[in-house]
Amino acid sequence: MNDDGILYLDRAAIEGLGIGAPEVVDALDAGLREKGRGGVVMPPKTSLHGPERAFCQVLSAWLPDSGALGVKWVTIFPSNAAKGLPAVGGLVVLSDASTGRPQAILDGGVITARRTGASAALAARYLARPDVDCVGLLGCGVQGKASVDALAAELSGLRSVRCHDAVPAAAAGFVAEAAARLPGVEVVVCDRPAAVARGAGVVVTAITMSEDVAPPLDAGRLEPGALAVALDYDAAWSAAAMAECARFYCDDTGQVLATRAHGPRLHGIPETIAGDLGELAAGLVEGRRDRGERLFCLNLGLAVEDVVTARLVLARARERGVGTPLPI
Ligand SMILES: NC(=O)c1ccc[n+]([C@@H]2O[C@H](COP(=O)([O-])OP(=O)(O)OC[C@H]3O[C@@H](n4cnc5c(N)ncnc54)[C@H](O)[C@@H]3O)[C@@H](O)[C@H]2O)c1
């Protein structure tokens, strides 16, 4: 590959490429299969905790077989909501995997949303019943919306979404956007958090993390046969709710254990992790065994997902001549 400078891709440039959710889900699937087979270098993400519950993370991955190498610097500032700013922002830097030369700088917020949503759809690919027609969503923010977009592409039978947000305007905004983006899918706003799980075959949670608020979803809420996908660590589901699931999966077992060992969260998750998305994608562990079991998947977010999504975006941008070239 030529050493042809750095391409800068901002949010508008990335969104303008029109990359569909199925492409992102398939890119994650391939990257995680490579990881499951053991060929990927991906240390657990590093977290920096600051004031007002803000935290920043460094996520890095190297996928030698698919030639992807990069790092994401992501900032999560919950207090941004009150300032009218996105909670999540950051940058992804890609390097040429054969020379190490810098290739691209991409907006990290949109990459994060696209890959986080795709991670929920990938969990559904391996762990949900194939005929799910209703999805529950708790937290109608950036990650929640991206998850429903990706799930709508993954679950061909999806007919309805039951959602709730602590801020009614956020739920109303989600309904308005979904009506335009997801024709044929009815969106129902629920008045209580637990109501999102009623009749839902997949329940995605993406609420703001807080140490002060007890998880709003307790045991007995997830219906038999349903899959819970938690994108918000242990903020949404109680320990009892996680424990009542037949098996507990995650996106990366090593990262989950490291996060629990070195931080304030995840101390109530089950002791046994049945497998992770890489192992599921590589066929190394079993997914759903029957239609009646409740399953849980905890997706903390992986560097592999960021890097393969950014690489997909870079390839498409090069094809289309999109982006701002920067000198090295
Ligand atoms: N797993 C991952 O890969 C990943 C990636 C990015 C962000 N996150 C996490 O996902 C969560 C959502 O991130 P986001 O970017 O969508 O944030 P966001 O601020 O856009 O959305 C969060 C939404 O949750 C709502 N909310 C907060 N507390 C609630 C509660 N108790 N009940 C119902 N609704 C509630 C807020 O009103 C808001 O609409 C955060 O916890 C964030 O740290 C995870």
Side-chain angles (χ1 to χ4, degrees), residues 21 24-25 28-29 32 112-155 157-158 160-165 174 193-194 196-209 215-217 221-239 241-253 255-256 259 265-266 269-270 273-281 285 287-288 293-302 305:
V24 183
V25 179
L28 259 61
D29 201 2
L32 288 166
T112 297
R114 297 301 303 275
R115 66 73 146 144
T116 303
S119 83
L122 195 60
R125 179 173 290 182
Y126 290 109
L127 300 173
R129 294 192 321 265
D131 57 352
V132 168
D133 61 1
C134 176
V135 162
L137 173 67
L138 185 64
C140 302
V142 175
Q143 315 309 322
K145 286 179 202 167
S147 300
V148 171
D149 281 352
L151 283 163
E154 182 66 26
L155 302 169
L158 184 66
S160 65
V161 175
R162 297 174 61 80
C163 70
H164 175 84
D165 196 288
F174 171 68
V196 304
R198 200 178 305 142
V202 175
V203 179
V204 176
T205 59
I207 66 173
T208 314
M209 294 180 220
L217 299 176
R221 299 305 185 182
L222 189 68
E223 295 204 347
L227 165 70
V229 182
L231 303 174
D232 43 13
Y233 288 50
D234 51 4
W237 294 96
S238 69
M242 292 187 254
E244 80 173 343
C245 292
R247 281 181 309 290
F248 185 88
Y249 297 84
C250 65
D251 53 0
D252 179 74
T253 303
Q255 180 169 276
V256 165
T259 302
R265 306 213 68 109
L266 308 185
I269 65 171
I273 298 177
D276 62 27
L277 290 180
E279 292 166 324
L280 285 164
V285 298
R288 174 168 291 276
E293 57 188 10
R294 294 181 181 91
L295 299 179
F296 199 102
C297 192
L298 172 67
N299 286 359
L300 300 186
L302 302 182
E305 299 166 348

A.B. asks: Looking at side-chain heavy atoms only, is the closest gap between I207 and P193 below 4.5 Å?
C.D. replies: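 When only atoms from C-beta onward are counted, P193 and I207 do not touch, as no gap falls below 4.5 Å.
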A.B. asks: Which heavy atom of V25 sits nearest a heavy atom of A121, and at what distance?
C.D. replies: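 For V25 versus A121, the nearest heavy atoms are CG2-CB, 3.8 Å.
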A.B. asks: Over all heavy atoms of both residues, which pair between A120 and V204 is shortest? Give the atoms and the distance, please.
C.D. replies: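 Closest pair (atom of A120, atom of V204, distance): CB-CG2, 4.4 Å.
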A.B. asks: Would you compute the distance between atom SG of C250 and atom CD of E279 and round it to the nearest 0.5 angstrom?
C.D. replies: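 The distance works out to 8.0 Å.
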A.B. asks: Could you tell me which non-hydrogen atom of L217 sits nearest to which non-hydrogen atom of A194, and how far apart they are?
C.D. replies: CD2-CA, 3.6 Å
A.B. asks: Does S119 have any side-chain hydrogen bond (donor to acceptor under 3.5 Å, both in side chains) partners at least two apart in sequence or in another chain, and if so, which?
C.D. replies: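 Only N299 meet the side-chain hydrogen bond (donor to acceptor under 3.5 Å, both in side chains) criterion with S119.
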A.B. asks: Just to verify, what does D234 make a salt bridge (Lys or Arg N to Asp or Glu O under 4.0 Å) with, not counting sequence neighbours?
C.D. replies: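 For D234 the salt bridge (Lys or Arg N to Asp or Glu O under 4.0 Å) partners, ignoring immediate neighbours, are R265.
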A.B. asks: Taking salt bridge (Lys or Arg N to Asp or Glu O under 4.0 Å) as the test, write out the residues that go with D165, two or more places apart.
C.D. replies: none
A.B. asks: As a quick check of understanding, evaluate side-chain contact (heavy atoms from CB on, under 4.5 Å) for Q143 and T112, giving each step before the final call.
C.D. replies: CA-CA 8 Å; Q143 315 309 322; T112 297; 4.1 Å; yes
A.B. asks: Are D149 and R114 close enough that some pair of their side-chain heavy atoms sits under 4.5 Å apart?
C.D. replies: no
A.B. asks: Take L300 and D252, measure what side-chain contact (heavy atoms from CB on, under 4.5 Å) needs, and give me the verdict at the end.
C.D. replies: CA-CA 8 Å; L300 300 186; D252 179 74; over 6 Å; no
A.B. asks: Taking side-chain hydrogen bond (donor to acceptor under 3.5 Å, both in side chains) as the test, write out the residues that go with E244, two or more places apart.
C.D. replies: none
A.B. asks: If we only count heavy atoms from C-beta on, is the L280 to L277 side-chain gap below 4.5 Å?
C.D. replies: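 They are in side-chain contact.
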A.B. asks: Any salt bridge (charged side-chain N to carboxylate O under 4.0 Å, His left out) involving residues 137-148? Give me the pairs, sequence neighbours left out, ordered by first then second residue.
C.D. replies: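 Counting only pairs at least two positions apart or across chains, the salt bridge (charged side-chain N to carboxylate O under 4.0 Å, His left out) contacts touching residues 137-148 are K145-E177.
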A.B. asks: Tell me the closest heavy-atom pair linking G117 and A150, and the distance in Å.
C.D. replies: O-CB, 3.4 Å
A.B. asks: Between Q255 and G301, is there a donor-acceptor pair closer than 3.5 Å when you use the side chain of the first and the backbone of the second?
C.D. replies: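 Looks like yes, one N/O pair under 3.5 Å.
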A.B. asks: Restricting to pairs with a member in residues 199-208, which pass side-chain hydrogen bond (donor to acceptor under 3.5 Å, both in side chains), not counting sequence neighbours?
C.D. replies: T205-D232
A.B. asks: With side-chain contact (heavy atoms from CB on, under 4.5 Å) as the test, would you mind laying out the steps for D29 and Y126 before giving the verdict?
C.D. replies: CA-CA 10 Å; D29 201 2; Y126 290 109; 2.7 Å; yes
A.B. asks: Can you list everything that forms a side-chain hydrogen bond (donor to acceptor under 3.5 Å, both in side chains) with R294? Sequence neighbours excluded, please.
C.D. replies: none
A.B. asks: Answer yes or no: is there a donor N or O on one side and an acceptor on the other, between the side chain of R162 and the main chain of R198, under 3.5 Å?
C.D. replies: yes
A.B. asks: Report the residues that fulfil salt bridge (Lys or Arg N to Asp or Glu O under 4.0 Å) with D251, sequence neighbours left out, ordered by chain and then residue number.
C.D. replies: none
A.B. asks: So how far is it from T253 OG1 to I273 CD1, rounded to the nearest 0.5 Å?
C.D. replies: 5.0 Å
A.B. asks: Sequence neighbours left out, cut at 3.5 Å: what donor-acceptor pairs do the side chains of residues 221-229 make with other protein atoms?
C.D. replies:
residue: E223; atom: OE1; partner: G199; partner atom: N; Å: 3.4
residue: E223; atom: OE2; partner: G199; partner atom: N; Å: 3.0

A.B. asks: Could you pull out all residues at least two apart from R247 that satisfy side-chain hydrogen bond (donor to acceptor under 3.5 Å, both in side chains)?
C.D. replies: Y249, E293
A.B. asks: Could you give the distance from CG (L127) to CG (L122), rounded to the nearest 0.5 Å?
C.D. replies: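 Those atoms lie 9.0 Å apart.
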A.B. asks: Could you work out, with ring-ring contact (aromatic ring centres under 6.0 Å, His included) as the rule, every residue matching F248, not counting sequence neighbours?
C.D. replies: F296
A.B. asks: For A146, enumerate each residue passing the side-chain contact (heavy atoms from CB on, under 4.5 Å) test, keeping only those at least two apart in sequence or located in another chain.
C.D. replies: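 A146 satisfies side-chain contact (heavy atoms from CB on, under 4.5 Å) with A113 once adjacent residues are dropped.
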A.B. asks: To check you understand the geometry: which heavy-atom pair defines the closest contact between A124 and L155, and what is its length?
C.D. replies: CB-CD2, 4.5 Å
A.B. asks: To the nearest 0.5 Å, how far apart are CG in L151 and CG in L137?
C.D. replies: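 With rounding to 0.5 Å, CG (L151) is 9.0 Å from CG (L137).
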